Engineer: 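Have a look at this one.
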Amino acid sequence: MKLLEGKVLIVTGGSRGIGRAIAVEAARHGADVLINYYRDNDAGYGRKTAIDEVVGEIEALGRRVVALEGNVADPQTGLRLVDAAVQAFGKVDVLAANAGICPFHAFLDIPLEDFRRTMEVNLHGAFYVTQAVARQMKAQGHGGAIVATSSISALVGGGQQAHYTPTKAGVHSLMQSCAVALGPYGIRCNSVMPGTIATDLNAEDLASPEKLAYMKGRVPLGRLGEPVDVANCVVFLASDLARYVNGAALLVDGGLFVNLQ
Ligand SMILES: NC(=O)C1=CN([C@@H]2O[C@H](COP(=O)(O)OP(=O)(O)OC[C@H]3O[C@@H](n4cnc5c(N)ncnc54)[C@H](OP(=O)(O)O)[C@@H]3O)[C@@H](O)[C@H]2O)C=CC1
Ligand SMILES: C[C@H](O)[C@@H]1OC(=O)[C@H](O)[C@@H]1O
């Protein structure tokens, strides 16, 4: 069953990791997709970049796709994403506010610049893009769905993440308030809270076999998450199957959060 047939989805941070999986799974479920990314890497002469690859994958699924570079921490980026989606596809039905960074640092050593940048990309960026898309959805007059990528880190701490976990709690709170503010327009706002998902974001942190084994051991299902595990839940929350779900936060963590002992 295709859950997003005829829908138009914007995803931020869609060139890699969880955002990429959201873009591909949404397309598999029938959506046309506008993908935001920031600084894609040049893979070298004759080789495709990450954004080229995901665009190709979506085209192969028979869906329309547009890629737009932009820093979500810039308030103009949200406006540009909406304009581009409307120009290409005529409307916006779904936003996956996903872009995020997590430069690991011990609390006592966090450089001020990394603290500011993490706040600006993860929290301010989610705010700007959500507001721009919500204005467009309200003007369209037929509702919509916004799903933000929060984290299990909204609920628990991390010794190397004191500049990061507050942004994820903020994104969770942003979706709760938006659910209240936008519900009257038929715009549902929810978040997913991934546990530890193997992506570039934590590749360095999990490079040590001991840390990797420890993190896997903390998960009752016995493995780290894959980006598609999160993307499937975003598709569900964006779809009409979740038409009465508003202001919710869905843990996607293999049971990590509830595992005290
Ligand atoms: N991996 C995990 O275990 C977890 C991740 N999360 C959250 O999931 C989200 C995605 O993370 P993940 O897929 O792991 O990370 P990745 O590093 O794999 O991907 C991050 C994506 O965000 C984009 N991006 C980075 N900075 C910006 C910016 N300023 N503006 C626009 N796009 C930007 C990147 O673009 P480019 O490639 O061009 O740099 C890339 O597409 C984040 O919000 C993260 O906090 C939550 C819980 C767990
Ligand atoms: C990047 C981390 O491994 C990841 O990010 C999160 O939000 C999770 O809580 C993990 O700590």
Side-chain angles (χ1 to χ4, degrees), residues 10-24 34-43 49-55 67-78 80-81 96-105 114 116-126 128-129 147-172 174 191-207 211-212 214-216 218-219 223-231 233-234 249-254 256-257:
I10 294 176
V11 55
T12 63
S15 55
R16 293 182 286 119
I18 293 169
R20 179 197 164 112
I22 292 170
V24 171
L34 188 134
I35 305 177
N36 155 257
Y37 64 101
Y38 188 29
R39 285 173 302 212
D40 199 11
N41 299 315
D42 180 355
T49 60
I51 192 67
D52 291 336
E53 283 183 7
V54 65
V55 164
L68 193 72
E69 197 271 350
N71 180 1
V72 294
D74 176 351
Q76 295 303 313
T77 298
R80 289 173 52 231
L81 295 178
N98 166 80
I101 57 172
C102 181
F104 284 72
H105 289 293
D114 276 21
R116 286 192 179 129
R117 195 165 55 95
T118 306
M119 287 285 171
E120 285 168 7
V121 172
N122 295 9
L123 181 54
H124 301 192
Y128 298 140
V129 176
V147 185
T149 309
S150 172
S151 171
I152 188 175
S153 297
L155 309 175
V156 292
Q160 304 257 329
Q161 295 177 307
H163 51 317
Y164 171 80
T165 57
T167 70
K168 294 287 128 177
V171 165
H172 168 48
L174 175 67
S191 60
V192 284
M193 292 182 161
T196 302
I197 313 297
T199 69
D200 292 345
L201 196 73
N202 49 25
E204 200 178 316
D205 183 53
L206 298 175
K211 177 84 186 265
L212 182 62
Y214 170 74
M215 290 309 294
K216 282 185 184 168
R218 296 272 297 112
V219 182
R223 67 170 175 88
L224 300 188
E226 299 171 19
V228 69
D229 295 325
V230 181
C233 295
V234 173
L250 180 55
L251 275 164
V252 189
D253 69 346
L256 174 60
F257 178 69

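Read the numbers this way: they start at 1 and go in the same order the structure lists the ligands and their atoms. In this text, all values refer to a predicted model and were calculated from it rather than measured experimentally. Side-chain atoms are counted along with the backbone in the values below, which use heavy atoms only and exclude waters and symmetry mates.
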Engineer: In terms of atom number and element, which parts of ligand 1 are under 4.0 angstrom from non-hydrogen atoms of R39?
Structural biologist: 36 (P), 38 (O), 39 (O)
Engineer: Which ligand 1 atoms does G14 reach within 4.0 Å, using its non-hydrogen atoms?
Structural biologist: 41 (O)
Engineer: Side chain or backbone, does N122 bring an N or O within less than 3.5 Å of an N or O on ligand 1?
Structural biologist: no
Engineer: Might you point out which heavy atoms bring T165 and V156 nearest each other, and give the distance in Å?
Structural biologist: CG2-O, 3.9 Å
Engineer: Could you work out, with side chain to side chain donor-acceptor pair (under 3.5 Å) as the rule, every residue matching S150, not counting sequence neighbours?
Structural biologist: none
Engineer: Closest approach of L250 and C233, non-hydrogen atoms and distance?
Structural biologist: CD2-CB, 3.8 Å
Engineer: Is there a side-chain contact between L68 and I35, using heavy atoms and a 4.5 Å cut-off?
Structural biologist: no
Engineer: Which of the numbered atoms in ligand 1 are under 4.0 angstrom from any heavy atom belonging to N202?
Structural biologist: 1 (N), 2 (C), 3 (O)
Engineer: Say whether T196, considering both its backbone and side-chain N or O atoms, lies within less than 3.5 Å of an N or O atom on ligand 1.
Structural biologist: no
Engineer: So do D205 and K211 actually touch side chain to side chain, heavy atoms under 4.5 Å?
Structural biologist: yes
Engineer: Heavy-atom contacts with N36 under 4.0 Å: which atoms of ligand 1 show up? List them by number with element.
Structural biologist: 31 (C), 32 (N)
Engineer: Any N or O of Y164 that comes nearer than 3.5 Å to an N or O of ligand 1?
Structural biologist: yes
Engineer: Within the structure, is a non-hydrogen atom of G70 found at a distance of less than 4.0 Å from ligand 1?
Structural biologist: yes
Engineer: Who's closest to atom 43 (O) of ligand 1 heavy-atom-wise, of D205, V121, N98?
Structural biologist: N98
Engineer: State, to 0.1 Å, how close T118 and P103 come at their nearest heavy-atom pair, and which atoms those are.
Structural biologist: OG1-CD, 3.6 Å
Engineer: Does any N or O of ligand 1 fall below 3.5 Å from an N or O anywhere on I197, backbone included?
Structural biologist: yes
Engineer: Of all the atoms in ligand 1, which lie at a distance below 4.0 Å from a heavy atom belonging to G17?
Structural biologist: 13 (O), 18 (O)
Engineer: Output all residues satisfying ring-ring contact (aromatic ring centres under 6.0 Å, His included) with H172, sequence neighbours left out; order by chain, then residue number.
Structural biologist: none
Engineer: As an exercise, identify every atom of ligand 1 less than 4.0 angstrom from a heavy atom of I101.
Structural biologist: 25 (C), 26 (N)
Engineer: Under 4.0 Å from a heavy atom of N71: which atoms of ligand 1 are those, numbered in the order shown and with their elements?
Structural biologist: 28 (C), 29 (N), 30 (N)
Engineer: Where is the tightest heavy-atom contact between Q161 and P166, given as atom of each residue plus distance?
Structural biologist: O-CD, 4.2 Å
Engineer: Verify the distance criterion only: is there a donor paired with an acceptor across the side chains of H105 and D114 at less than 3.5 Å?
Structural biologist: yes
Engineer: Polar pairs, ligand 2 vs protein, N/O only, below 3.5 Å.
Structural biologist:
{"unit_1": "ligand 2", "atom_1": "3 (O)", "unit_2": "N202", "atom_2": "ND2", "d": "3.2"}
{"unit_1": "ligand 2", "atom_1": "5 (O)", "unit_2": "Y164", "atom_2": "OH", "d": "3.4"}
{"unit_1": "ligand 2", "atom_1": "7 (O)", "unit_2": "S151", "atom_2": "OG", "d": "2.5"}
{"unit_1": "ligand 2", "atom_1": "7 (O)", "unit_2": "S153", "atom_2": "OG", "d": "3.4"}
{"unit_1": "ligand 2", "atom_1": "7 (O)", "unit_2": "Y164", "atom_2": "OH", "d": "2.6"}
{"unit_1": "ligand 2", "atom_1": "9 (O)", "unit_2": "S151", "atom_2": "OG", "d": "3.3"}
{"unit_1": "ligand 2", "atom_1": "9 (O)", "unit_2": "S153", "atom_2": "OG", "d": "2.4"}
{"unit_1": "ligand 2", "atom_1": "11 (O)", "unit_2": "Q161", "atom_2": "NE2", "d": "3.1"}

Engineer: Could you go through L224 and L212, starting from their C-alpha distance and side-chain angles, then the distance that decides it, and tell me whether this counts as side-chain contact (heavy atoms from CB on, under 4.5 Å)?
Structural biologist: CA-CA 9 Å; L224 300 188; L212 182 62; 3.6 Å; yes
Engineer: For the 3.5 Å polar cut-off, considering only N or O atoms, please tell me whether V72 and ligand 1 meet it.
Structural biologist: yes
Engineer: At a 4.0 Å cut-off, with the gap strictly under it, does some heavy atom of C102 reach an atom of ligand 1?
Structural biologist: no
Engineer: Tell me the closest heavy-atom pair linking I197 and P227, and the distance in Å.
Structural biologist: CG2-N, 3.5 Å
Engineer: Examine ligand 1 and decide if any of its atoms is less than 4.0 Å from a heavy atom belonging to S150.
Structural biologist: yes
Engineer: Determine, using heavy atoms of R20 and all atoms of ligand 1, whether some pair is separated by less than 4.0 Å.
Structural biologist: no
Engineer: Do we see a donor-acceptor contact under 3.5 Å between the side chains of T12 and N36?
Structural biologist: no
Engineer: Given that the side chain starts at C-beta and the backbone is N, CA, C, O, which of these parts of M193 lies under 4.0 Å from ligand 1, counting heavy atoms, or is it both or neither?
Structural biologist: neither
Engineer: Using distance alone, decide if ligand 1 has a nitrogen or oxygen within less than 3.5 Å of any nitrogen or oxygen in I18.
Structural biologist: yes
Engineer: Quick test of your reading of the model: are D229 and R223 salt-bridged, counting only N-O distances below 4.0 Å?
Structural biologist: yes
Engineer: Check side chain to side chain donor-acceptor pair (under 3.5 Å) between S191 and all other residues, then give those that pass, not counting sequence neighbours.
Structural biologist: none
Engineer: If I take atom CG from residue L81 and atom OH from residue Y128, how far apart are they, to the nearest 0.5 angstrom?
Structural biologist: 14.5 Å
Engineer: I'd like the name of whichever of G13, G195, S151, A96 reaches closest to atom 4 (C) of ligand 1 through any heavy atom.
Structural biologist: G195
Engineer: Can you give me the closest heavy-atom contact between F257 and L155, atom names plus distance?
Structural biologist: CE1-CB, 3.7 Å
Engineer: Should L206 and T196 count as side-chain neighbours, where that means a heavy-atom distance under 4.5 Å?
Structural biologist: yes
Engineer: Report, in ascending order of atom number, the atoms of ligand 1 lying under 4.0 Å from any heavy atom of T199.
Structural biologist: 1 (N), 12 (P), 13 (O), 14 (O), 15 (O), 18 (O)
Engineer: Looking only at distances, please establish whether an N/O atom of ligand 1 is found under 3.5 Å from an N/O atom of S15.
Structural biologist: yes
